[in-house]
Amino acid sequence: MTEKDAKSAEHVGERALTEDGKKIVEESEVEGVNTAFATIMAKHKPNQWGKGHLQLYLLASVCFLNSTMSGFDSSLMGSINVLENYTSYFGLPNTGTASTGIVFAIFQVGQMSAAFFVWVADWLGRKWLIFIGTVGVIVGTVITATATSLPTFIGGRFLLSFFAQLACSASPLYLVEVAPPQYRGTLAGLYNTFYYFGSILATSSVYGAHKNLSHTGNLDWRIPLWLQMVCPAFVSCVILFFPESPRWLVGKDRHEEARKFLVKYHANGDENHPLVALEMAEMMESLSKDPVTNWSNFFDLRVLFKTRARRYRTMLNMTFAWFGQFSGNNVVSYYLPYLLANVGIKDADTKLILNIVYALISYFFATAGARMHDVVGRRKMLMGATAGMVVALAITAGTAAGYVHTGSKTSSSASIGFIFVFGAIFAFAYTSMQPIYPAEVMANDMRAKGMGTYKLTGGCAGFINTFAAPIALTNIGYWFYVFFVFWDCFQLVFMYFFFVETKGLTLEEMDDIFEAKNPRKASTQKKKVKVRTVLDGDGKLENEIVPKFGC
């Protein structure tokens, strides 16, 4: 062997061994914002169809039913408001006025009131607040469905919305905290897509009752009101048998229960899976520094604002709450029959059928979008959708104006079509992230109170929308769309400069993101590491992470 060959062989031998003499079997490169998690996913990704994951999906699917409550109400009220039996019974006018707005907007008042009690999720636990909320919805439904006067009807809607808000606040909290990091956007994001499932149930029931029972008196609108309790009644019967959130358990020093949850549902029963050790270590470190709410600080909101990082988190929580309710979507969901009337659709049956079609299209796109958030990322999805909403609303305004000034049926059809396009775009990106993104950006000790802040802010935006919309639609017509065109342009710019990316991060690892000088930039900055599979002295294979560089 020549001297050159000897040196070459020596060099290869050195490369085949680590600094401490272990043999390198395999070496690869992993890229991600969270390199520790990325490495585990590259080498030890749990089977997404394993027994534990399938059981977790079943738990989540039950929680999804709580989301039907908001969708059921929005479409229910928009649908029965075109029924003559309903409007004549309570003496409501056929056109949008303040009284119509109050009947609709009392739902937001109830939601805002309930926002002050979301902290109960930190006291009793996530599943107990879901139980309290669903039982309360049953009581509110009984009152509204049997109401004989408008004040009683409005009071019942307040109670219904108050308790629905408790259940609908605790459900995303639970889902975000129990979902595996790699599927959090998908699993938790699917929750809000059932808003449209509730909408489909409501519009279908109103249409069926109107077609078959309108001649019997008031059954065509009372039966759909009774159906509002079906989904929450089922959830209330089973929710207390569910396991509690592992993060809540760690916050209550019930570490072994939390670990058992992670082993069973995140690692499919593998007690030695590295994902279990990573998540437990991060939860214990985070909650040891900032414990969850206890009896002495239930109403202490300083936890939301006491540091720069926390103010940034709360700002994102509140702005997305407002954006999610003030992008033009609430006007469409509650007042689609009015919008259709503005472009020449007068027949009640046609309005109800189009309401059903709108809900079906939105449900399809929302479900597809829930998966894409874990593939494309939250920021890109939200910004792309906002740009699409601007275009759709601009065309809707232009075609509606064309119909008003010319009576063109082509303009009328185009306006209706782009209302549906707008709904599909909003559902694809926004629906699944409401209220998942606001929960993701909050620290563990902030999350319950942060969800209260989210619901309060969203309720304010929704109240303004639902109270002002019928008056605005009656008085300024298509100019109402134009307003939302400019507002959505503002949303797009704001998201670009301030919204962080949460894809691929555990909830605890976002702490480092928000401590950075520019959280938005830090959330999109990926790092590269080398991952080695080495043979140790006992002949066992193990993985080692070798930091490389940031990019």
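Note on residues 225-242: pairs passing side-chain hydrogen bond (donor to acceptor under 3.5 Å, both in side chains), not counting sequence neighbours, are D73-Q228. Within the structure, every pair that satisfies the side-chain hydrogen bond (donor to acceptor under 3.5 Å, both in side chains) test and touches residues 432-441, not counting sequence neighbours, is listed here: R184-E440, H373-S432, R378-E440, E440-T502.
Judged purely by distance below 3.5 Å, without hydrogens or angles, the side chains of T506 and E279 never pair a donor atom with an acceptor atom. No hydrogens or angles considered: nothing links the side chains of Y195 and T68 as a donor-acceptor pair under 3.5 Å. Looking only at atom types and distance, the side chain of N218 has no donor-acceptor partner in the side chain of N85 under 3.5 Å away.
A donor-acceptor contact shorter than 3.5 Å links the side chain of K127 to the backbone of F242. In this structure a side-chain-to-backbone donor-acceptor pair under 3.5 Å is missing from D488 to T386. A donor-acceptor pair under 3.5 Å links the side-chain atoms of T144 to the main chain of T141, judged by distance alone.
Between D253 and H255 the shortest side-chain heavy-atom distance falls below 4.5 Å. Looking at F158 and S113, their side chains come closer than 4.5 Å, going by heavy atoms from C-beta outward. Annotation: side chain of L382 is in contact with side chain of Y430 (closest heavy-atom distance under 4.5 Å).
Between W221 and Y89, the distance from one ring center to the other falls under 6.0 angstrom. Ring to ring, F490 and W487 are close: their centroids are under 6.0 angstrom apart. Ring pair F64/F194: centre-to-centre distance below 6.0 Å.
Between T186 and R371 the shortest heavy-atom distance is OG1-NH1, 3.0 Å. Taking every heavy atom of both residues into account, L160 and V137 meet most closely at O-CG2, 3.9 Å.
Under a 4.0 Å N-O distance rule, the pair E508/R247 qualifies as a salt bridge. Salt bridge status for D445 with R310: present, with a side-chain N to carboxylate O gap under 4.0 Å. Between R313 and D511 there is a salt bridge, since a side-chain N of the basic residue sits under 4.0 Å from a carboxylate O of the acidic one. Taking a cutoff of 4.0 Å between a charged side-chain nitrogen and a carboxylate oxygen, E177 and R126 qualify as a salt bridge.
The neighbour count for F494 CZ, taken as heavy atoms of other residues, nucleotides or ligands under 6.0 Å away, is above 12. Applying the 6.0 Å contact sphere to CZ of F364 captures no more than 12 heavy atoms from other residues, nucleotides or ligands. Atom CZ of F499 sits in a crowded spot, with more than 12 heavy atoms from other residues, nucleotides or ligands closer than 6.0 Å. More than 12 heavy atoms of other residues, nucleotides or ligands sit less than 6.0 Å from atom CE of M280.
Put simply, the residue from L201, V230, I200 that forms a side chain to side chain contact (heavy atoms under 4.5 Å, CB included) with F72 is L201.
Using cut-offs of 30° and 60° on the angle between ring planes, the pair Y265 and F261 is tilted.
Residues satisfying the side chain to side chain donor-acceptor pair (under 3.5 Å) test with S169, not counting sequence neighbours, are none.
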